[in-house]
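One structure is given below, encoded as structure tokens.
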Amino acid sequence: MDKMKLALILVCLTAAFVSVAQASEFWRGFYVNFGEWNVNYPGNETGKIVDLGLDKTAGSGFRSKYPFLFGHIGMKVKLVGGNSAGTVTSFYLASIFEKWCELDFEFLGNVSGEPYILQTNVFAEGKGDREQRIYLWFDPSEDYHYYGILWNHDLILFMVDDVVIRVFHNSKDLGIPYLEYQPMYVYSSIWNGEMWATRGGADKCDWNQAPFVASYKEFDVDSCPVHSHGDEYVDSHECYKKLHSSWYGSSEAGKLTKKQVDDLKRIQYNYVIYDYCTDVKRFNSTPPECARNWPQFWSES
């Protein structure tokens, strides 16, 4: 009986330690970078959940303390419910170079009863214009869902829960810059995008519904921080070494699995509502990287 009690105590202490570690994860890795008066920390474990708010005066957001180079980065988000028209909730990675790199999740709000639109984008050395928009297959305001990015030397995956919704392959051989040397900070925010976000700006924010609140939790960073204590080159070199010894830099992680290919095909055929690769009004010819990044351009094996 004494051994059983001791085992139970150890289990409880372990659970308590894990809980505290998770609750403090936000404070260890992130800080509020604007709109602090619109940020709240609900629940009994302060810092485990972070609510970002938007009112008529301002939005709010947070940023990681350090930038990261390669890895697996994500978090769970529950979006604004009800009439969210005009709001933009985001989770993205971005560098601070003049010709910056950026990987975007932007959730475009809509009037009640209409679905959210998820817009993703890729910037490499200051060049973006790679927007893709999809409808989600669930209501993202009803519960938390995981949104993540896998980034290695071969490809970048955008993920919703366990589903790959987009891939961006390294296409340097085609003359397309790749995100391979600029460490990027992790950002999340909610802001007023009523000039363009919902039906091209036709539907505005209903400020009677404010504050609009998006909720974040389970911050997941398996990556290499660049602390840059006077020598960013040294830090970056360590991140390249970690990449080649990590699971996310393995040869398996650099290739799509059959499930991931099937996921991409399902997303393309059922949920894509805009794809820059097929926008003939913007581009005279199909951007060269599209041949590697979307199933409709892949030959049947």
Output, in order, the C-alpha distance, side-chain angles, deciding distance and verdict of side chain to side chain donor-acceptor pair (under 3.5 Å) for Glu180 and His153. CA-CA 7 Å; Glu180 61 182 347; His153 195 267; 3.3 Å; yes
Is the distance between the ring centroids of Tyr41 and Trp27 under 6.0 Å? yes
Strictly under 6.0 Å, is that where the ring centroids of His227 and Tyr66 end up? yes
Side-chain touch [X]/[Y], heavy atoms, less than 4.5 angstrom:
X	Y	result
Ile273	Ile117	yes
Val50	Phe219	yes
Cys205	Asn192	yes
Leu256	Val167	yes
Lys48	Glu218	no
Glu131	Arg282	yes
Tyr185	Phe68	no
Leu79	Tyr116	yes

If I compare all heavy atoms of [X] with all of [Y], which pair ends up nearest, and what's the gap?
X	Y	result
Val226	Cys239	CG2-SG, 3.9 Å
Leu52	Gly61	CD1-CA, 3.9 Å
Gly74	Phe91	CA-CZ, 3.8 Å
Pro183	Tyr181	CD-O, 3.3 Å
Ser141	Gly81	CB-CA, 3.6 Å
Phe105	Leu118	CD2-CD1, 3.7 Å

How far apart are the C-alpha atoms of Asp161 and Tyr147, what are their side-chain angles, what is the distance that settles it, and do they pass the side chain to side chain donor-acceptor pair (under 3.5 Å) test? CA-CA 6 Å; Asp161 292 326; Tyr147 305 94; over 6 Å; no
Got a salt bridge between [X] and [Y], using NZ or NE/NH1/NH2 to carboxylate O under 4.0 Å?
X	Y	answer
Lys78	Glu142	no
Asp154	Lys255	no
Glu194	Arg199	no
Lys258	Asp262	yes
Arg130	Glu289	yes
Arg292	Asp173	yes

Reference residue [X]; test side-chain contact (heavy atoms from CB on, under 4.5 Å); the match among [options]:
X	options	answer
Ile190	Phe107, Tyr216, Phe212	Phe212
Arg133	Thr120, Asn121, Leu108	Leu108
Ser60	Leu54, Val213, Val39, Asn40	Val39

Side chain of [X], backbone of [Y]: donor and acceptor closer than 3.5 Å?
X	Y	answer
Thr257	Gln260	yes
Asp263	Arg266	no
Ser84	Thr87	no
Glu114	Asn83	no
Asp55	Pro211	no
Ser250	Ala253	yes
Ser245	Lys242	yes
Asp143	His145	no

Any chance the side chains of Trp137 and Asn270 put a donor and an acceptor closer than 3.5 Å? no
Take atom [atom1] in [X]; do more than 12 heavy atoms of anything else shown fall under 6.0 Å from it?
X	atom1	result
Lys259	NZ	yes
Lys65	NZ	yes
Lys127	NZ	yes

Show the numbers, then the answer: is there a ring-ring contact (aromatic ring centres under 6.0 Å, His included) between His72 and Trp151? CA-CA 6 Å; His72 183 269; Trp151 171 29; over 10 Å; no
Spell out, yes or no, whether [X] and [Y] are grouped together once hydrophobic residues are joined by side-chain heavy atoms under 4.5 Å, including indirect joins.
X	Y	value
Tyr92	Trp191	no
Phe97	Tyr240	yes
Phe70	Met159	yes
Phe158	Val272	yes
Val80	Phe138	yes

Nearest 0.5 angstrom please: [X] [atom1] to [Y] [atom2], how far?
X	Y	atom1	atom2	result
Asp203	Thr198	CG	OG1	6.0 Å
Ser171	Ile176	OG	CD1	6.5 Å
Ile156	Cys101	CD1	SG	8.5 Å
Asp104	Ser90	CG	OG	7.5 Å
Asn170	Leu179	CG	CG	9.5 Å
Ile267	Ile134	CD1	CD1	5.0 Å

Please report, to 0.1 Å, the donor-acceptor pairs under 3.5 Å made by any side chain of residues 29-37, with sequence neighbours excluded.
| unit_1 | atom_1 | unit_2 | atom_2 | d |
| --- | --- | --- | --- | --- |
| Tyr31 | OH | Arg63 | NE | 3.3 |
| Tyr31 | OH | Arg63 | NH2 | 3.4 |
| Asn33 | OD1 | Phe62 | N | 3.2 |

Which is it for Leu103 and Phe168 under the side-chain contact (heavy atoms from CB on, under 4.5 Å) test, yes or no, and what are the steps along the way? CA-CA 10 Å; Leu103 300 170; Phe168 186 82; over 6 Å; no
cation_pi(Lys217, Tyr144) dist<6.0 Å, angle<=45: yes
Over-ring placement of Arg166 relative to Trp294, 6.0 Å and 45° cut-offs: no
List the steps, then state whether side chain to side chain donor-acceptor pair (under 3.5 Å) holds for Asp279 with Tyr274. CA-CA 8 Å; Asp279 191 338; Tyr274 174 80; 2.6 Å; yes
